[in-house]
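First the proteins, then the strands, lettered A, B, ... as listed; each starts at 1.
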Amino acid sequence: MVRAFVLLAPGGPAGHAPCRVLYARTFGTPAGTAPGGPRQRLCRKEQLLVVARQVASQCQLLQSSLGCLSSPQLPQLPDELMSLQDAPGGLFQMPPGDPFPEGVTVVWLSVLALAFALVCEPQENLSLAEITLRRLAPRLLLSLRLLGPGADVLLRPDAADGLLDRLLPHGQMLFLNEHFLQAMDRDMGIKTYH
Amino acid sequence: PPGAGAAYRPEIQEEELRRFTARVSAVLQSPEPGPEAVDALQRLHLTVAATKYPRKLDGKFVELLQTVLCSPKSPEQIQVLCAAILREMSPCNDLILSCDEIQDTKLLSLVSSVLLAQGEVAAVGQRVVKVLERRLPEGQSARFLLPVLANVISLSPESLTEEQTNVVSKKLADWLRYASIQQGVAQPSGGFFSSPRTKQPAPITEVDGTVATDFFTVLSVAQHYTQDQWLNMQTFSMLRKWLLCYGGKELNTLNPAGMDRCVTSMVPTTGTAGRLLPPRERLRDKAFEYCQRLIEQSNRRPLKKDDGDLQKACLIEAVTIMDIICKQDSSYVCRAVSFLKILHSRICGDATYARALLPIAQFFLNHSKLAAVDSDAIYKHLFTDIPAQLFHNPSLAFEFVQFCKDNSQLFTDSSSIFRQSFPNLFKFLAWNSPPLISEFVDLLPFLLDAGTTIEIFHLLLDLPCLTAALDIQLRAASLPASEKAGGDPAGKPATCLEAFRHPLYKSMFQYLLRTKSAPQDAPESLVPLRQLLGALAGSPRVVQCAETVPVLLELFFRVVAEFADGSLINQLVVLLLQRSDQLYEIPAFKEDVYRVLGSQLAVLCSLRPALVVELSTEILEFSGAVSNIQSKEAIFTHMAWAVGEYLSVSYDKRCTVEQITRFFETLEAVLFEITQLRPQASTPSCAPRAISVLMATLTKLAARSQDLIPRVSMFLSKMRTFVQSPAATSVYCEEDLEEILIRATELMNLLKMPSVAQFVFTPPQASSRFQREVNDSLPLALRMVTQFLEPAPGSMPV
């Protein structure tokens with residue numbers, strides 16, 4: 001199961017633009033979490049920020065090792081789903097207690113000035129997690145017009161929720177072959193060119 | 001639309017918030033909430049989500065949100081937004097939401113997301129099972145509830161009773177095995193092209209286009225899917241979780257106790273006999289069958305390229321589920337073993353299937369003993385070939401290292417293929433340093449023992465070289481065949497790439513890139529290779545790898561200290577001094593490595609003080625080289641300190657006066673050279689700390705061999721002149737020079753009372769805490785003695 005999904009702007013190298021969480025969704029509160037009202041909520045937000053910062057750091061390190069310069073700009077907004085086969089991404093672990101009570105594995109993908117991350121339970125099918133991310137990202141980019149100027153992803157949580165509710169319902173990753181995916185896109189009104 | 005983007009400020013005051021929620025309230029309660037309501041809710045969500053500390057919303061307003069959420073008349077988008085706001089606020093005391101009355105499965109799923117965020121796991125679990133138990137009304141699908149159930153059991157498996165899990169297991173088994181094998185039909189949309197009569201449904205196909213001849217799975221293709229086919233996909237997606245939670249609670253009643261050969265376990269589990277099985281066992285049976293079918297289906301070449309990725313993910317999942325099933329019921333092991341062996345031979349040569357080799361190997365590790373099957377070939381291929389070929393695949397690298405950590409007990413056997421392959425494992429780290437360094441911190445202790453210590457020491461120091469060599473290996477492999485010849489063997493290679501196959505360098509490359517531990521094959525020296533690879537020292541990947549080495553080195557020494565015997569410690573110290581000259585030429589890397597080696601040298605000496613005597617030749621050679629004090633200050637300083645501390649008959653009876661004198665003279669010469677009043681261009685400058693430590697060491701040695709006292713005293717008395725000379729004041733700052741002078745004075749004063757000096761500098765071995773405290777307070781003792789000797793302030797020696 002996926003514990004959380006995070007969409008972030010990694011920002012620049014240390015000292016430049018800070019890393020920002022643009023949208024995050026957790027899937028359920030683990031039973032036994034100390035009921036603490038505001039504290040629990042704060043804790044959740046801080047945990048997600050820690051994840052985002054770690055993703056940003058790994059992203060910058062990978063891009064530097066690949067010899068990428070600062071993110072290129074797209075000539076125009078895509079109006080169809082991008083293929084993210086070559087997008088840089090990675091996997092890393094976060095140990096128990098830092099920041100979640102149990103250890104987690106984070107799977108991440110970066111596209112231009114954004115990054116997407118899935119926080120997975122231990123022993124999860126990481127191949128499927130990568131597939132899920134590579135499907136979520138372009139659909140989010142398209143429906144939220146994330147790459148455009150004045151992109152108000154923060155103002156359209158319903159669009160992001162709608163996509164997550166179908167491709168990652170309650171944090172459940174789905175074994176969708178291309179035809180299942182096509183059927184889902186039809187349901188969501190997404191035009192794709194398969 | 002109003003309030004778009006730039007003009008909106010999320011950090012509005014309480015009063016403004018109250019006015020805003022009143023407006024939202026009004027808009028929501030209008031007969032047909034439209035875009036204005038959507039916009040208002042979106043802005044409210046941003047307000048609530050933007051702050052770290054929660055915004056307090058009016059209790060009545062929260063109630064309204066809940067009512068709107070649960071009302072079937074509300075538009076879907078508004079329901080989604082209400083749920084998002086309620087989730088964002090959770091945990092929230094004003095939430096009185098209940099899912100008990102909700103019939104619509106889609107809405108139930110949405111409401112559950114709020115309740116689960118609130119922590120109401122059991123209530124959701126109960127409701128979902130209740131709905132699943134009964135026959136759903138027309139138009140409702142259970143497919144929206146399975147993910148909710150999966151979330152419930154992963155948050156709190158105790159939410160369901162055994163009876164409930166049995167009910168669900170029964171349904172899951174049916175959904176897995178008996179989904180329709182006809183394609184669904186498109187929803188009738190009317191319009192110009194809609195046909196008046198329904199078309200004959202087509203059969204499902206495989207991913208390669210052939211018509212399917214067996215039951216429906218996630219790898220089955222249709223243009224439109226039926227509800228039960230969606231359920232099939234959902235069921236498989238949560239199957240592993242379900243089996244882990246509820247598959248193995250009871251004793252395995254189908255396997256009589258004492259059975260240890262699966263040859264005799266021929267339990268009928270298929271066909272009509274399957275219907276007689278209890279729900280748990282029946283699900284296990286259908287799941288096993290499903291996994292077998294998936295594995296067969298993954299052999300087909302997909303028409304759509306992206307289906308290939310899913311095939312591999314399905315393969316991994318299927319093998320993992322089979323592993324779980326076999327753990328829960330060992331009667332499946334025999335069938336699984338033969339099946340997976342065939343699978344392994346099918347995919348082991350295909351690099352794109354490499355990740356699937358890990359769960360297969362895990363299966364054999366878990367079960368091959370029971371099946372009396374020899375799986376050594378599988379492990380050998382996995383550890384010898386895969387890291388060497390695919391170190392550059394970051395996902396594989398991560399999963400491979402996780403596999404090693406999960407099976408760390410395998411590395412305890414020093415002769416096993418697992419332990420022997422550590423040079424291969426480090427390739428993953430060398431290439432993918434940032435994500436894997438913390439994993440290797442966990443893994444390294446399992447790789448270290450008396451037999452591997454030396455080889456791993458060298459390997460760690462050369463880790464960035466390994467990165468560079470791997471880079472060249474990759475580039476060489478992608479050259480066209482015509483260029484692979486390697487240039488002129490008689491001449492010198494012009495580039496690193498040419499050097500790769502050049503006879504001068506080939507064997508060094510091969511050693512660095514070896515797949516197995518081979519301490520006896522180490523070439524005479526890797527210095528030429530390191531120099532050659534210097535061209536790559538600035539590459540980002542090499543630099544990232546270099547940054548991991550100090551951490552690993554510290555850990556290395558900490559672990560080795562726990563088991564190393566005297567002989568190994570001696571070996572390490574000698575190597576440490578040797579290797580300090582033979583490091584990859586990255587300045588920051590060398591600095592950090594010297595720092596670690598220096599402090600660890602001191603630790604090693606404290607573990608085995610006698611080594612100062614036993615290795616006196618090597619130590620004298622190192623300490624006598626003046627260049628070392630500048631280029632490797634950290635190591636030199638700690639070495640000098642260790643000599644002062646431990647070269648004493650109280651640590652080793654073999655310590656003679658001659659030895660003390662020899663060390664004294666060597667160090668005196670070095671100190672003399674660096675404190676010259678008229679330095680030459682070749683005179684090294686060095687850190688003030690080194691000067692202090694040398695002075696202290698010389699004093700300590702003199703205290704033990706009192707003939708040397710006059711020499712030291714004279715030397716120390718000359719330090720005032722040095723400190724005031726232009727040679728010193730131009731290089732060192734005032735504080736440092738003052739510190740040196742104070743230290744020289746203290747030491748001189750101590751020597752005026754030789755018996756006190758001897759006591760202070762040669763305590764008996766600190767075996768009690770009190771004695772250790774005495775040693776630690778040495779500087780304090782020095783100062784006290786100085787004050788005792790100089791009652792009048794300002795009386796300094798000439």
Participant: Apply side-chain hydrogen bond (donor to acceptor under 3.5 Å, both in side chains) to B/Thr217 and B/Gln297, showing your working.
Facilitator: CA-CA 9 Å; B/Thr217 72; B/Gln297 285 176 304; 2.6 Å; yes

Participant: Top residue by heavy-atom pair count (under 4.5 Å) with chain A, among B/His45, B/Lys312, B/Gln77, B/Arg355?
Facilitator: B/Arg355

Participant: Is any side-chain N of the basic residue among A/Lys45 and B/Glu88 closer than 4.0 Å to the acidic one's carboxylate O?
Facilitator: yes

Participant: Side chain, backbone, both or neither: which part of A/Arg134 has an atom under 4.5 Å from a heavy atom of chain B?
Facilitator: neither

Participant: Which region of B/Ser112, side chain (C-beta onward) or backbone (N, CA, C, O), has a non-hydrogen atom less than 4.5 Å from a non-hydrogen atom of chain A, or is it both or neither?
Facilitator: both

Participant: As an exercise: rank B/Gln234, B/Glu399, B/Arg87, B/Lys241 by heavy-atom pairs under 4.5 Å with chain A and give me the winner.
Facilitator: B/Arg87

Participant: What verdict does the ring pair (Phe, Tyr, Trp, His ring centres under 6.0 Å) test give for B/Phe398 and A/Phe92, after you've listed the backbone C-alpha separation in whole Å, the side-chain angles of each residue and the deciding distance to 0.1 Å?
Facilitator: CA-CA 7 Å; B/Phe398 180 84; A/Phe92 61 87; 8.3 Å; no

Participant: Where on B/Gln544 is there a heavy atom nearer than 4.5 Å to chain A: the side chain, the backbone, both, or neither?
Facilitator: side chain

Participant: Checking A/Thr105 against chain B: side chain, backbone, both or neither under 4.5 Å from a heavy atom?
Facilitator: side chain

Participant: Name the option with the most non-hydrogen atom pairs under 4.5 Å to chain B; the candidates are A/Leu128, A/Asp165, A/Leu176.
Facilitator: A/Leu176

Participant: What heavy-atom pair brings B/Val38 and B/Leu81 nearest, and what distance separates the two atoms?
Facilitator: O-CD1, 3.8 Å

Participant: Using a 4.5 angstrom heavy-atom cutoff, name the option from B/Pro394, B/Ala84, B/Cys92, B/Ser154 with the most pairs to chain A.
Facilitator: B/Ser154

Participant: Less than 4.5 Å to any heavy atom of chain B: does that hold for the side chain of A/Glu102, its backbone, both, or neither?
Facilitator: neither

Participant: Ignoring hydrogens and angles, state whether a donor on the side chain of B/Ser159 or B/Ser156 is under 3.5 Å from an acceptor on the partner side chain.
Facilitator: yes

Participant: Where does B/Asp406 contact chain A at under 4.5 Å (heavy atoms): side chain, backbone, both or neither?
Facilitator: side chain

Participant: What distance separates B/Phe236 CZ from A/Phe175 CZ, expressed to the nearest 0.5 Å?
Facilitator: 4.5 Å

Participant: Set out, in order, the CA-CA distance, both residues' side-chain angles and the distance that settles side-chain hydrogen bond (donor to acceptor under 3.5 Å, both in side chains) for B/Asp323 and B/Gln362, then state yes or no.
Facilitator: CA-CA 8 Å; B/Asp323 192 357; B/Gln362 187 67 64; 5.4 Å; no

Participant: Taking NZ, NE, NH1 and NH2 as the nitrogens, is one of them in A/Arg166 or A/Asp187 under 4.0 Å from a carboxylate oxygen of the other?
Facilitator: no

Participant: Is it the backbone or the side chain of B/Lys56 that comes under 4.5 Å from a heavy atom of chain A, or both, or neither?
Facilitator: neither

Participant: Measuring heavy-atom distances to chain B, does A/Leu168 have an atom under 4.5 Å in its side chain, in its backbone, in both, or in neither?
Facilitator: neither

Participant: Can you tell which part of A/Ile131 gets under 4.5 Å to a heavy atom of chain B, answering side chain, backbone, both or neither?
Facilitator: side chain

Participant: Measuring from atom CZ of A/Phe27 to atom CZ of A/Phe5, what distance do you get when rounded to the nearest 0.5 angstrom?
Facilitator: 8.5 Å

Participant: With chain A, which of B/Val218, B/Leu219, B/Val80 has the greatest number of heavy-atom pairs at distances under 4.5 Å?
Facilitator: B/Val218

Participant: Looking at B/Arg240, B/Gln118, B/Gln229, which one has more heavy-atom pairs under 4.5 Å with chain A than the rest?
Facilitator: B/Arg240

Participant: Below 4.5 Å from any heavy atom of chain A, which atoms of B/Gln223 appear? Answer side chain, backbone, both or neither.
Facilitator: both

Participant: At a 4.5 Å cut-off on heavy atoms, which part of A/Gln54 comes close to chain B: side chain, backbone, both, or neither?
Facilitator: neither

Participant: For the candidates B/Pro540, B/Ala356, B/Ala397, which exhibits the highest count of non-hydrogen atom pairs separated by less than 4.5 Å from chain A?
Facilitator: B/Pro540

Participant: Do side-chain atoms of B/Ser220 reach the backbone of B/Phe216 as a donor and acceptor pair under 3.5 angstrom?
Facilitator: no

Participant: Can you tell if the side chain of B/Ser90 reaches within under 4.5 Å of the side chain of B/Val114, non-hydrogen atoms only?
Facilitator: no

Participant: Considering residues, nucleotides and ligands other than A/Arg186, do more than 12 of their heavy atoms fall under 6.0 Å from its CZ?
Facilitator: yes

Participant: Select, from A/Leu126, A/Asn177, A/Asp161, the one with the greatest count of heavy-atom pairs under 4.5 Å involving chain B.
Facilitator: A/Asn177

Participant: Side chain, backbone, both or neither: which part of A/Asn125 has a heavy atom under 4.5 Å from chain B?
Facilitator: both

Participant: Can you tell me if A/Glu178 uses its side chain to pair, donor with acceptor, with the backbone of B/Asp307 under 3.5 Å?
Facilitator: no

Participant: Let me know if A/Gln58 has heavy atoms under 4.5 Å from chain B in its side chain, its backbone, both or neither.
Facilitator: side chain

